[in-house]
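Only a predicted model underlies this, so the values are computations on that prediction, with no experimental measurement involved. Chain letters run A, B, ... following the sequence lines, proteins first and then strands; every chain starts at 1.
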Protein chains: 2
Amino acid sequence: MSLIFSRQCEYALQAVLYLALKSHNEMTSIKELTKRLDIPYHFLAKILQDLTRKGLLSSLKGPTGGFGLGMPAKDITLFHIVEAIDGVDFMHSCVMGFPECTGKNPCAVHEKWANLRDGVYTMLVSKNIAEMAKNMRKPEYQSA
Amino acid sequence: MSLIFSRQCEYALQAVLYLALKSHNEMTSIKELTKRLDIPYHFLAKILQDLTRKGLLSSLKGPTGGFGLGMPAKDITLFHIVEAIDGVDFMHSCVMGFPECTGKNPCAVHEKWANLRDGVYTMLVSKNIAEMAKNMRKPEYQSA
DNA sequence: GAATATTCAGATATTTTAGTCTTAATATAG
DNA sequence: CTATATTAAGACTAAAATATCTGAATATTC
Ligand code: FES
Ligand code: FES
């Protein structure tokens, strides 16, 4: 199972990228998000509330309300989202589950994993979410 | 949480590598394994039984009994163990959680993830567990 | 054959993650 | 001011992963 990120985190990544396509100050309802991205309504609600508390998103109640980015898209990377939801333990954990992961006392695949892990980090920080969102070729993100 | 492999799978990798250090036909008790590797006794028992059913290990009851490799260490890679415990869905799943992961309709990080994923595969198959076990610099594996 | 050390098997318990439901708060539109 | 659409919050349920317990089977040693 697994695959690096929790389900929550996957949903968060998908949703924030969707919001990144919208113009600043435009609010998007949970309804629109869940409809487009096929995420359970109340589950997504909780995730977005969480991200709002942490400052990555902003929210507004009432009609015309919804969620939007809490700061300029330029300043947000996928890494920020992962950090907020799952945390970044994976950046310094042994892929075989040993308690320590350092050059001292490395496991059999430490070297290779350390490289791959850096690659994952690069993948998450190399572009901001505005650029990322434009690179999405998923139909869910067309004409958002 | 997470980190690619489940806890079960991590334990399996650790335990099988430990067995790979032993001479062929030598049986190792769960007790020794859990003591050395700090894994819950009954949990490891179930994992090893599972691997035995799948042919990767062999077992023997009674005093002097225990577990050993079910085939030559040369023929086993870490990938076999992952395959047996977690399965290999991660090899063709989207890291952002989208339902499809192909070149058609790729997500924003598909290219990079596909490369990293291949790297993980290479990491798991590049050496057999005999070579892997020798590369372990963990104290748990010294003078096994 | 009896005592013992071990795996085997399956039931049960605990914890974590995922998902649902309900009510309150709030902003807008009329 | 009232009706309505929305988020906020927290309780609740469900499912999956992790861990423990107990008794049986089996091989060894004496
Ligand atoms: S010690 Fe295993 S990945 Fe670093
Ligand atoms: S589509 Fe996302 S990793 Fe392939």
So which protein N/O to nucleotides 4-14 of chain C N/O distances come out below 3.5 Å?
from, atom 1, to, atom 2, distance (Å)
dT6(C), O2, Gly62(B), N, 3.4
dT7(C), OP1, Ile30(B), N, 2.8
dT7(C), OP2, Tyr41(B), OH, 3.4
dT7(C), O3', Ser59(B), OG, 3.3
dC8(C), OP1, Ser59(B), OG, 2.2

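Note: CG (Leu33(A)) to C1' (dT6(D)) measures 13 Å, nearest angstrom. Per the geometry, CZ belonging to Phe43(B) stands 13 Å off P belonging to dT16(C), to the nearest Å. In this entry the distance linking CD of Gln8(B) with P of dT15(C) reads 18 Å, nearest Å. Atom CZ in Phe5(B) sits about 16 Å away from atom P in dA17(D), given to the nearest Å.
The phosphate of dT16(C) has neither OP1 nor OP2 within less than 4.0 Å of any side-chain N or O from Arg7(B). Taking 4.0 angstrom as the limit, Tyr11(B) places a side-chain polar atom (N or O) nearer than this to OP1 or OP2 of dA19(D).
Between the side chains of Glu32(B) and Ser29(B), no donor-acceptor pair of N or O atoms lies under 3.5 Å.
By the salt bridge (Lys or Arg N to Asp or Glu O under 4.0 Å) test, Asp50(A) pairs with Arg53(A), Lys54(A), sequence neighbours left out.
Around CG of Asp75(A), the count of heavy atoms belonging to other residues, nucleotides or ligands within 6.0 Å exceeds 12.
Of the possible polar contacts, none joining the Asp86(A) side chain to the Phe5(A) backbone as a donor-acceptor pair under 3.5 Å is found. No donor-acceptor pair under 3.5 Å is formed between the side chain of Glu83(A) and the backbone N or O of Val88(A).
The list of side-chain hydrogen bond (donor to acceptor under 3.5 Å, both in side chains) pairs with a residue in residues 96-119 of chain B, not counting sequence neighbours, reads Ser126(A)-Lys112(B).
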